[in-house]
Undergrad: 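Please find one structure pasted underneath; my questions will follow.
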Amino acid sequence: MKKKIFNYYAVIMTMFYFMYNVGLRYFNISGLFYRIIVYLLIVVNAIILIIFRKDIKYKDLLCTLYCFIWVFSKNLPQLFFAVSNIIIFFFTSPFKSKILKGCGGIAISLLLYVIFMFSYDENINEDFSRSNIHSNKHYYCENNYEAYVLTASAIDSYHFCIGIYRDILNIDDLIQISYNKASDVSYEEYDNFLNTHKCKLVGEVDESK
C-alpha cells in the first residue's frame with residue numbers, strides 16, 4: 001500500500017499544482033506564511049522525489065508536462081515548484097528522450113530566470129498577473145469592483161482592466177487570500193467606469209485603514 005502511494009505521489013502533486021494555478025486561477029494567496037509553506041513543500045517534495053525515485057511512475061511524462069504548464073504559475077514560489085520538479089525528474093529519469101533533454105534545457109533557463117527574479121524583482125511574491133499594475137492608476141470601487149492599468153512587459157502597451165476584487169482573509173503581511181477576476185477593456189470604458197462609479201486610489205484606501 002505504501003509503495004502504491006509513492007508510485008502516484010508525483011501525479012497527485014501535479015494535480016494539486018494544476019488545480020491551484022489553473023482551476024483556482026482567480027484566487028490568490030500571498031504573504032509570509034504562504035511563502036514559508038510553499039518553500040517547505042518544495043524541499044519536502046524534492047526529498048521524496050529523490051528518495052523514492054525508483055518507485056515513482058511517469059517521471060518522463062510529468063517532466064514533459066511541467067515544461068508546458070509552468071507558464072500557468074501564479075507567482076514565483078509556484079514557478080519554483082514547477083522548475084524544481086522538472087530538474088529532479090530530468091536527473092532521476094533513467095531514460096532521457098530528445099523531448100526530455102529539451103526539458104532539461106528549459107529547466108536550466110527557468111532556474112536562471114528564477115534566480116534573476118529573486119535578485120532584482122521587488123514583486124517576486126505577487127501574483128504575476130497583477131505584479132505590473134501601476135499604483136497611481138489602481139482604484140478600488142464600490143460593490144467590490146476595481147479598475148487598473150498594467151503593462152505585461154517593458155515593451156508591452158498599456159492594458160486597461162476592470163474586474164471584481166474581494167479580500168477573503170487579510171492578516172497584515174502574514175497571509176492574504178483574495179479573489180480577483182478582471183477583463184481587458186478599452187481606455188474609454190476604463191475612463192467612463194471611473195467617472196460613473198465611486199472609486200479611490202488603492203494607496204488612499206490602505207492609508208485609511
Side-chain angles (χ1 to χ4, degrees), residues 17-39 42 69-83 109-209:
Y17 167 86
F18 193 79
M19 181 172 63
Y20 173 67
N21 288 279
V22 179
L24 299 174
R25 63 187 180 278
Y26 299 125
F27 287 88
N28 184 50
I29 306 175
S30 60
L32 179 61
F33 282 172
Y34 166 76
R35 296 194 296 274
I36 291 174
I37 291 172
V38 175
Y39 289 131
I42 290 171
I69 65 175
W70 69 266
V71 297
F72 296 110
S73 300
K74 288 183 178 181
N75 47 48
L76 198 63
Q78 293 295 323
L79 175 58
F80 193 53
F81 177 82
V83 173
S109 299
L110 288 174
L111 183 59
L112 293 174
Y113 172 69
V114 169
I115 294 172
F116 174 81
M117 292 281 282
F118 263 116
S119 302
Y120 297 101
D121 197 328
E122 297 179 353
N123 300 314
I124 59 174
N125 297 303
E126 293 186 18
D127 184 342
F128 284 150
S129 66
R130 299 173 62 83
S131 60
N132 290 320
I133 292 178
H134 295 257
S135 58
N136 62 336
K137 297 178 181 178
H138 185 189
Y139 296 86
Y140 283 156
C141 305
E142 57 187 325
N143 299 321
N144 293 311
Y145 273 91
E146 67 174 342
Y148 55 85
V149 179
L150 62 78
T151 50
S153 67
I155 60 173
D156 193 27
S157 59
Y158 286 132
H159 291 264
F160 300 93
C161 304
I162 297 174
I164 295 288
Y165 181 92
R166 288 191 178 92
D167 268 331
I168 299 172
L169 178 66
N170 192 337
I171 305 176
D172 297 325
D173 291 327
L174 297 179
I175 187 166
Q176 298 90 36
I177 303 176
S178 61
Y179 173 89
N180 39 66
K181 181 181 180 182
S183 301
D184 281 7
V185 297
S186 65
Y187 169 76
E188 289 74 18
E189 290 176 285
Y190 168 83
D191 188 56
N192 181 63
F193 184 86
L194 294 179
N195 290 326
T196 56
H197 291 76
K198 293 180 180 179
C199 300
K200 286 187 177 181
L201 277 171
V202 171
E204 295 177 358
V205 174
D206 292 339
E207 288 176 3
S208 65
K209 290 181 179 179

Undergrad: Distance from N75 atom CG to R130 atom CZ, nearest 0.5 Å?
TA: 13.0 Å
Undergrad: Check each of Y148, Y139, Y145, Y140 against Y165 using the ring pair (Phe, Tyr, Trp, His ring centres under 6.0 Å) test, and report the only one that passes.
TA: Y140
Undergrad: Run the side-chain contact (heavy atoms from CB on, under 4.5 Å) test on E188 and D191 for me, step by step, so that the C-alpha distance in whole Å, both residues' side-chain angles and the decisive distance to 0.1 Å come before the verdict.
TA: CA-CA 5 Å; E188 289 74 18; D191 188 56; 5.9 Å; no
Undergrad: Can you classify the ring geometry of Y190 versus F160 as parallel (below 30°), tilted (30 to 60°) or perpendicular (above 60°)?
TA: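 The rings of Y190 and F160 sit tilted, inter-plane angle from 30° to 60°.
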Undergrad: Please answer whether the main-chain N or O of T151 pairs with a side-chain N or O of N132 as donor and acceptor at a distance below 3.5 Å.
TA: yes
Undergrad: Out of curiosity, D127 CG to L76 CG, how far, rounded to the nearest 0.5 Å?
TA: 12.0 Å
Undergrad: Nearest 0.5 Å please: distance from the CG atom of D172 over to the CG atom of N170.
TA: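 These two atoms lie 7.5 Å from each other.
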Undergrad: Just verifying a value: how many Å separate S186 OG and I162 CD1, rounded to the nearest 0.5 Å?
TA: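 Rounded to the nearest 0.5 Å, the OG-CD1 separation comes to 8.0 Å.
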Undergrad: Tell me, do Q78 and V38 make a side-chain contact under 4.5 Å, heavy atoms counted?
TA: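 Answer yes - side chains close enough.
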Undergrad: Could you go through the side-chain contact (heavy atoms from CB on, under 4.5 Å) check for N21 and I69 one step at a time?
TA: CA-CA 9 Å; N21 288 279; I69 65 175; over 6 Å; no
Undergrad: Restricting to non-hydrogen atoms, name the atom on L194 and the atom on C199 that form the minimum distance, rounded to 0.1 Å.
TA: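 That would be CD2-SG, 3.9 Å.
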Undergrad: Does Y20, at its OH atom, have more than 12 non-hydrogen atoms belonging to other residues, nucleotides or ligands within less than 6.0 Å?
TA: yes
Undergrad: Could you give the distance from CG (D167) to CG (N180), rounded to the nearest 0.5 Å?
TA: 9.5 Å
Undergrad: Work out which heavy atom in H159 is nearest to a heavy atom in D184; give both atom names and the distance.
TA: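 In terms of heavy atoms, the two residues are closest at ND1-OD2, 3.1 Å.
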Undergrad: Going from CG on L32 to CD1 on I171, what distance comes out if it is rounded to the nearest 0.5 angstrom?
TA: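 One gets 12.0 Å once the value is rounded to the nearest 0.5 Å.
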Undergrad: Where does the angle between the aromatic ring planes of F27 and Y179 fall among parallel (under 30°), tilted (30 to 60°) and perpendicular (over 60°)?
TA: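 The rings of F27 and Y179 stand perpendicular, inter-plane angle above 60°.
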Undergrad: Please find the pair of heavy atoms, one from S129 and one from L150, that lie closest to each other, and give the distance.
TA: O-CD2, 3.5 Å
Undergrad: Could you tell me which residues satisfy side-chain hydrogen bond (donor to acceptor under 3.5 Å, both in side chains) with Y17, sequence neighbours excluded, listed by chain and number?
TA: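 Y17 satisfies side-chain hydrogen bond (donor to acceptor under 3.5 Å, both in side chains) with S73 only.
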Undergrad: Using ring centroids (six-membered ring only for Trp), state whether Y158 and H134 fall under 6.0 Å.
TA: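 Between H134 and Y158, the centre distance is under 6.0 Å.
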